[in-house]
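First up is the structure itself, then whatever we jot down about it.
Note on naming: letters A, B, ... go to the chains in the order of the sequence lines (proteins, then strands), and numbering restarts at 1 for each one. Nothing here was measured: the structure is a model prediction, and the numbers come from that model.
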2 protein chains.
Amino acid sequence: MSAEANASGYSRSTEDYLKVIYELEGRGAPVQTRAIAEALEIAAPSVSGMVKRLSESGLVEHVPYRGVRLTGSGRRAALKMVRRHRIVETYLTQKLGYDWDSVHDEAERLEHAVSDELIGRMAMALGNPRYDPHGAPIPTKDGQIEEQELLPLSEVPVGSMAELRLVSDRDPELLRYIASLGLKVGVAFEVIGRQPFKGPVTIRLPGKPPRDENLGHELAAALQCWEREGEVG
Amino acid sequence: MSAEANASGYSRSTEDYLKVIYELEGRGAPVQTRAIAEALEIAAPSVSGMVKRLSESGLVEHVPYRGVRLTGSGRRAALKMVRRHRIVETYLTQKLGYDWDSVHDEAERLEHAVSDELIGRMAMALGNPRYDPHGAPIPTKDGQIEEQELLPLSEVPVGSMAELRLVSDRDPELLRYIASLGLKVGVAFEVIGRQPFKGPVTIRLPGKPPRDENLGHELAAALQCWEREGEVG
DNA sequence: TCGCAGATTTAGGCACGCGTAATTCCGGGA
DNA sequence: TCCCGGAATTACGCGTGCCTAAATCTGCGA
């Protein structure tokens, strides 16, 4: 036996913490202990303890009772994990026939085990993709990540055209459902109605003939879209 | 986050122990604490402690001061790890352009992270190979493994033809060296000399013109061959 | 300004898996 | 049979990362 514990040099837990902190940070707001605890499904005091260690390692900045922010090296490590996760998901989907609803768990384990070398080879084999199967941008090797200007379908104005660009990889049921409607990343459709008080959104999907579907508010809120200003097909 | 700690349900350490015990067991002889400690590069008392836990989990049978043997479920789990390791090595070599001397460490990490599903898909993509790139037989999904009748090159009679069938994946230097000689699994050659007192073995490699090479005893002992009884090219 | 709810941290504990030091066991030679 | 060296185990301790219970802080509404 001779392999490193973990390809990145950090423990599996550390990698998980960095990734969720990155994801919860949005645009720089401090991340609460409780949010981390919920995302990782562990108790809040456990997070307090771990945050202390992360802070001593210089990966996060911790203001007691206020929250944590990633430091430069914390963010770099987090983006590395995000890159790994998304490349693995893309690879499994494109090269090994996985469906987009079943890659998340597998990637969640593999992201801790793959080396930079392997990620590089996977990316190469895929032609250095910019997005994963759910539309999420893949950070580059040197930690650049594209910022997307997206709108939840629940907020796209009625009457405009929209294109599905991004959906979370976390909910297989949701992914299977929207796939069953013919909705995947890149599909354009018309928003033809929305009911008030978190009512459903009605969209018209392309096809012969076009098909109308009603999507619940919660679902519509999970579908990040480009709004294509302008007229209707 | 929602993935299991480890695809098999056992901890990474447990998986490592089971694999080395399997490999050290040969044909059923009890495995000594010290042998495990050396293989895993950890201290002997640590092994004693772990063996106790493995034994309580029903994975090994431990006779104090005598050694351990895998139980049925221990052997099944070990063979699963061996299958994972060898399929991953084969996949990396065949599909991602790795050389045979660089796959071991990567596989050592990945074998703990891949699911049965993924191993199945990799095996499928490879056409269900029976051997890994180093010639080691790949256990089937249900835990069958082929027994090979092989002879170390250091014991193949002078004058016979032999074919390289198996070499350990542990030593990248050795693998690179023999590859540089044109020796890989499946290559046949003639054994034309061997010096006494652990002296070198001389082989004649096919080619135009044939090439003779002298291999040190230790190296020759690491090359497991089929002896092709009979005459010489 | 006070008090309360909720978030956070501290206190104390546990399992895992590793280490070193000290002790015990086993087998072979005298 | 005794003794001795090497193997194994026991005793004790450490860091990681999780837990629950108890204390503390923060901000908001009365």
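For the pair B:Ile42 CD1 and C:dG17 P, the interatomic distance rounds to 10 Å; values are reported in whole Å. Between the OH atom of B:Tyr65 and the P atom of C:dT23 there is a distance of 13 Å, rounded to whole Å. D:dG17 atom C1' lies 13 Å from atom CZ of A:Arg12, rounded to whole Å. The distance from atom CD of B:Gln32 to atom P of C:dG27 is 11 Å, rounded to the nearest whole Å. We find that CG of B:Asp16 is positioned 17 Å from P of C:dC16, with the value rounded to whole Å. What separates CD of A:Glu15 from P of D:dG17 is a distance of 11 Å, to the nearest Å. Rounded to a whole Å, the CD atom of A:Glu38 is 10 Å from the P atom of C:dT8. We find that CD of B:Glu56 is positioned 9 Å from P of C:dC16, with the value rounded to whole Å.
A cation-pi contact links A:Arg165 to A:Tyr131, judged by a cut-off of 6.0 Å to the six-membered ring centre and 45° from its axis.
Of the residues near DNA chain D, A:Met50 and B:Ala44, the one whose nearest nucleotide (by heavy atom distance) lies more toward the 5' end is B:Ala44.
If you check distances only, the side chain of A:Ser13 never reaches the base of D:dG17 with a donor-acceptor pair under 3.5 Å.
Within 4.0 Å of B:Ser46, counting heavy atoms only, lies at least one base atom of the nucleic acid. Counting any heavy atom pair closer than 4.0 Å across all strands shown, B:Arg66 reaches sugar-phosphate atoms only and no base atom.
Residue B:Tyr17 has a polar side-chain atom (N or O) positioned under 4.0 Å from OP1 or OP2 of C:dC18. Checking the phosphate oxygens (OP1, OP2) of D:dT9, a side-chain nitrogen or oxygen of B:His62 falls inside 4.0 Å. Proximity of A:Arg53 to the phosphate of D:dG17: a side-chain N or O atom is located under 4.0 Å from OP1 or OP2.
Between A:His134 and A:Trp100, the two ring planes are parallel [angle under 30°; tilted spans 30° to 60°].
Residue B:Glu108 forms a salt bridge (charged side-chain N to carboxylate O under 4.0 Å, His left out) with just one option from B:Arg12, B:Arg86, B:Arg170, B:Lys19, and that option is B:Lys19.
Nearest to the side chain of B:Thr33, among D:dA8, C:dT8, D:dG17, sits D:dA8. Listed nucleotides D:dC19, C:dT20, C:dC26 differ in distance to B:Ala43; the shortest reach to its side chain belongs to C:dT20. Comparing D:dA8, D:dG17, D:dA21 by their nearest atom to the side chain of A:Pro45 picks out D:dA21. Closest contact between the side chain of B:Arg34 and the listed nucleotides D:dA7, C:dT8, C:dC25 involves D:dA7.
Side chains of B:Leu96 and A:Lys95 form no contact here, defined as non-hydrogen atoms less than 4.5 Å apart.
Atom CD of B:Gln148 sits in a crowded spot, with more than 12 heavy atoms from other residues, nucleotides or ligands closer than 6.0 Å.
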